[in-house]
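Remarks on the structure that follows.
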2 protein chains.
Amino acid sequence: MTAEARPAAPPLTERQEARRRSILQAGAQLAGRGGFEAVQMREVADAAGVALGTLYRYFPSKVHLLVALMQDQLQHLHASLRRRPTAGDDAAERVAATLMLAFRALQREPHLADAMVRALTFADRGVSPEVDAVSRLTTAIVLDAMGVEDPTQEQLSVVRVIEHTWHSALITWLSGRESIAQVKGDIETVCGLIDLPADTRR
Amino acid sequence: MTAEARPAAPPLTERQEARRRSILQAGAQLAGRGGFEAVQMREVADAAGVALGTLYRYFPSKVHLLVALMQDQLQHLHASLRRRPTAGDDAAERVAATLMLAFRALQREPHLADAMVRALTFADRGVSPEVDAVSRLTTAIVLDAMGVEDPTQEQLSVVRVIEHTWHSALITWLSGRESIAQVKGDIETVCGLIDLPADTRR
DNA sequence: AACGAGTCTGAAACTTGTTCTAGATTAGCG
DNA sequence: CGCTAATCTAGAACAAGTTTCAGACTCGTT
């Protein structure tokens, strides 16, 4: 039973912040080689110059670590998109273009993508808060691309479906069962939901 | 392009068929309790009355076993749906109703669902052929519900998106981040793609 | 500067998926 | 029936995620 409490993150000292970053970087490096399986906790600890127990104090499991990595990347992406939003005539186009941008970034480091995405979908209830943070970030990115401030329930459902498609299409691509072109097609297809008149719903 | 070595399944003898079923049943039983984590290979072997090595001869990994389980269940569902197809006025309604039927079945055994779905999305390239079989089955079920014999490329893409949403929504529900009602909404939303005029595409 | 709480280290231990091995059993076949 | 190859069994062994523990260290406080 891995029941646990998250009693409001204690503020980290500088050295601790540095350790955390060092661990994340070590994780990213190992993930960048062999993907999910290549991220071995002992090696991460070694590469980060930290004891195994310390690694586990910062990230209570391998999945936590990799989800944190994804959160990191998404924050960078989000910031970068805020600075220079994707262009496009309508919302659907902009969202599709934004996701394809992210997809191209993942293609540059397929192993890293493997580690992060597999961790994300494999995560169990014990990682829910962290996965939720990732999900909120993704939602924010998509809503930004849509140009929506105050989404309706319908819009939120559409965004959820887009995120579902996004994650699952990545998984399918990573396991070699779907081509890059197909993923692109899926993204464009699902984005067709965005400007859909609401009479098909409910 | 699923390159791999599957030298045409050797025909199983009766005893072997029985062993296989026994293993699957043991797996289902254990999964029915604690989900993915509760399916421990030693326990499966014990419960199935088979040596560990034999279990691994039949299913080369835990994920293989659980994916085979899902394939089993889907075959039953498919057969049952062939006998009595889901009613509904248009394709979108029928597909949504069919998926909700399956969803309700999964809700009756959430732990089993957890084991099967997590295995499915966690599967790596080594399990691709098996996962692909599951995917083909799901596609067949959805196409049946749509009433389509010879799908176009567009329709196939829509079906893929529906499957993506289906899997990912299940994952999200299983990890407690999305409610049953939300999953229902997501399914209905994505099914809105089915009767969409093709001018939003490409 | 000394103290005490919390943190970090190094190493061992434990768990569960997976592999390996030597010997028994079974199946198909002449 | 007797042979041979394949299969099965019991059990040890290995790999990697996770836990645990005793002792060293750090930081904020006094």
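Please read these numbers as outputs of a predicted model, since none were measured by experiment.
- With sequence neighbours excluded, the residues satisfying salt bridge (charged side-chain N to carboxylate O under 4.0 Å, His left out) with Glu17(A) are Arg21(A).
- At whole-Å resolution of the value, CZ in Phe122(B) and P in dT16(C) are 17 Å apart.
- Residue Gln16(A) has no polar side-chain atom (N or O) positioned under 4.0 Å from OP1 or OP2 of dT26(D).
- Counting only distance, with no hydrogens or angles, the side chain of Ser22(A) and the backbone of Ala18(A) share no donor-acceptor pair below 3.5 Å.
- Here Ser135(B) pairs with Thr139(B), Glu163(B) under the side chain to side chain contact (heavy atoms under 4.5 Å, CB included) rule; sequence neighbours left out.
- We find that Asp46(B) and Arg42(B) are not joined by a salt bridge, their nearest charged nitrogen and carboxylate oxygen being 4.0 Å or further apart.
- Against DNA chain D, the stretch residues 21-32 of chain A makes no heavy-atom approach under 4.0 Å.
- In this structure, the CD atom of Glu17(A) is 15 Å from the P atom of dC27(D), given to the nearest Å.
- Not counting sequence neighbours, the partners of Phe103(A) by the ring pair (Phe, Tyr, Trp, His ring centres under 6.0 Å) test are Trp173(A).
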Protein proximity profile, nucleotides 17-30 of chain C - base contact B, sugar-phosphate-only contact S, no contact -, cut-off 4.0 Å on heavy atoms: BBB-------S---
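- With sequence neighbours excluded, no residue satisfies salt bridge (charged side-chain N to carboxylate O under 4.0 Å, His left out) with Glu93(B).
- Applying the 4.0 Å criterion to OP1 and OP2 of dC8(C), one finds that Tyr58(A) has a side-chain N or O inside that range.
- Rounded to whole Å, atom P of dG10(C) lies 16 Å from atom CZ of Arg57(A).
- Arg15(B) and Thr13(B) are not linked by any side-chain donor-acceptor pair at a separation below 3.5 angstrom, with hydrogens and angles left out of the test.
- A distance-only check finds a donor-acceptor pair linking the side chain of Lys62(B) to the backbone of Phe36(B) [under 3.5 Å].
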